[in-house]
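Because the structure is a prediction, the values reported are computed rather than measured. Here is how names work: the chains are called A, B, and so on, in the same order as the sequence lines, proteins then strands, and each is numbered from 1.
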Amino acid sequence: KNEVEQSPQNLTAQEGEFITINCSYSVGISALHWLQQHPGGGIVSLFMLSSGKKKHGRLIATINIQEKHSSLHITASHPRDSAVYICAAWVAGNQFYFGTGTSLTVIP
Amino acid sequence: KAGVTQTPRYLIKTRGQQVTLSCSPISGHRSVSWYQQTPGQGLQFLFEYFSETQRNKGNFPGRFSGRQFSNSRSEMNVSTLELGDSALYLCASSLWRGQSYEQYFGPGTRLTVT
């Protein structure tokens with residue numbers, strides 16, 4: 001049983017398209033993280049949110065606590081956005097539960 | 001400001017041996033977390049240390065242990081290595097800055113167990 005489910009697993013988009021990656025979780029969380037992992041393994045923490053919405057550049061993350069669902073949106077996608085995006089549910093006093101990741105490829 | 005550093009970057013060990021991995025966090029960060037990443041299981045949380053105390057722990061056997069020193073540097077130890085321990089081991093340092101949470105990952109240590 002996976003505490004965190006992501007969809008889609010793989011996503012191919014044309015440059016400029018609006019992209020949405022979804023994350024659903026079954027545990028009671030304190031916060032939800034979105035991570036980006038580029039080929040070669042380096043991981044970057046994009047957002048940590050516990051309610052509402054956060055925006056950074058072309059990236060927007062939203063969370064609905066009641067529905068136990070979060071989305072990561074990328075506006076005006078670019079080939080450099082190609083990476084694996086991972087959501088992680090943080091259960092305070094416990095641990096992180098990770099999704100399996102969404103592999104995004106943006107084609108020029 | 002220097003990033004999170006991990007040593008060594010690559011390591012090959014034999015089944016039954018033990019290994020120690022090191023992580024130096026960003027200056028000023030007192031929290032260090034460790035993660036294991038494998039193709040089959042993805043990312044999994046190992047443990048988190050804050051001010052030399054283990055604060056949270058994932059679901060890994062006791063063969064996996066860690067510690068944190070007074071300068072916030074952390075080590076992770078795996079004893080009696082198994083083939084399934086082959087993985088990328090990542091550490092991350094983090095800091096609450098007001099209401100903002102910052103987390104930075106190191107480049108990882110690629111461990112191969114033969």
Side-chain angles (χ1 to χ4, degrees), chain A residues 1-10 21 23-56 59 61 63 70 83-103, chain B residues 3-6 8-11 21 23 25-26 29 31-50 53-60 64 66 86-112:
Chain A
K1 170 183 166 293
N2 294 327
E3 289 83 1
V4 179
E5 300 278 358
Q6 275 186 250
S7 64
Q9 277 191 303
N10 298 285
I21 298 170
C23 176
S24 297
Y25 52 91
S26 58
V27 291
I29 69 166
S30 297
L32 194 290
H33 286 243
W34 282 100
L35 308 172
Q36 179 193 57
Q37 186 169 31
H38 280 283
I43 293 181
V44 174
S45 176
L46 297 174
F47 295 105
M48 188 203 75
L49 65 167
S50 53
S51 64
K53 178 167 103 171
K54 286 193 175 181
K55 184 176 189 291
H56 182 71
L59 301 178
I63 189 167
S70 176
V84 176
Y85 293 83
I86 302 166
C87 70
W90 170 243
V91 179
N94 194 338
Q95 62 165 299
F96 273 109
Y97 296 93
F98 291 92
T100 53
T102 294
S103 180
Chain B
V4 178
T5 58
Q6 291 188 246
R9 294 291 311 278
Y10 302 91
L11 201 49
L21 311 181
C23 173
I26 290 172
H29 286 198
S31 171
V32 174
S33 303
W34 287 90
Y35 306 88
Q36 181 198 64
Q37 187 175 38
T38 60
Q41 299 294 321
L43 264 172
Q44 296 184 87
F45 173 75
L46 280 156
F47 28 66
E48 180 204 10
Y49 285 87
F50 180 85
T53 301
Q54 188 180 84
R55 193 156 67 168
N56 295 291
K57 188 176 189 304
N59 301 324
F60 277 79
F64 292 81
S86 294
L88 179 67
Y89 289 89
L90 294 149
C91 82
S93 74
S94 57
L95 174 73
W96 276 99
R97 202 183 292 279
Q99 292 197 331
S100 173
Y101 178 78
E102 301 175 357
Q103 184 179 49
Y104 297 92
F105 283 79
T109 294
R110 175 80 59 188
L111 171 66
T112 302

B:Gln41 portion near chain A, given a 4.5 angstrom heavy-atom threshold: neither
Under 4.5 Å from any heavy atom of chain A - which part of B:Leu90: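 The side chain, not the backbone.
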A:Trp34 and A:Ser70: side chain donor to acceptor below 3.5 Å: yes
Side-chain donor-acceptor contact under 3.5 Å, B:Ser86 with B:Thr112: no
A:Ile86, part contacting chain B, at a heavy-atom distance under 4.5 Å: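 Just its side chain gets close to chain B.
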Between B:Leu88, B:Asn56, B:Asn59, the one whose heavy-atom pairs under 4.5 Å with chain A are most numerous: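 Answer, by heavy-atom pair count under 4.5 Å with chain A: B:Asn56.
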Heavy-atom donor-acceptor pair, A:Lys54 side chain to A:Met48 backbone, under 3.5 Å: yes
Aromatic ring pairing B:Tyr35/A:Phe96, orientation class (parallel under 30°, perpendicular over 60°, tilted between): tilted
B:Phe47/B:Tyr49 aromatic ring centres below 6.0 Å: yes
Partner chain B: residue of A:Gly101, A:Ala88, A:Ser45 with the largest heavy-atom pair count (under 4.5 Å):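 Looking at each of A:Gly101, A:Ala88, A:Ser45 in turn, A:Ser45 comes out on top.
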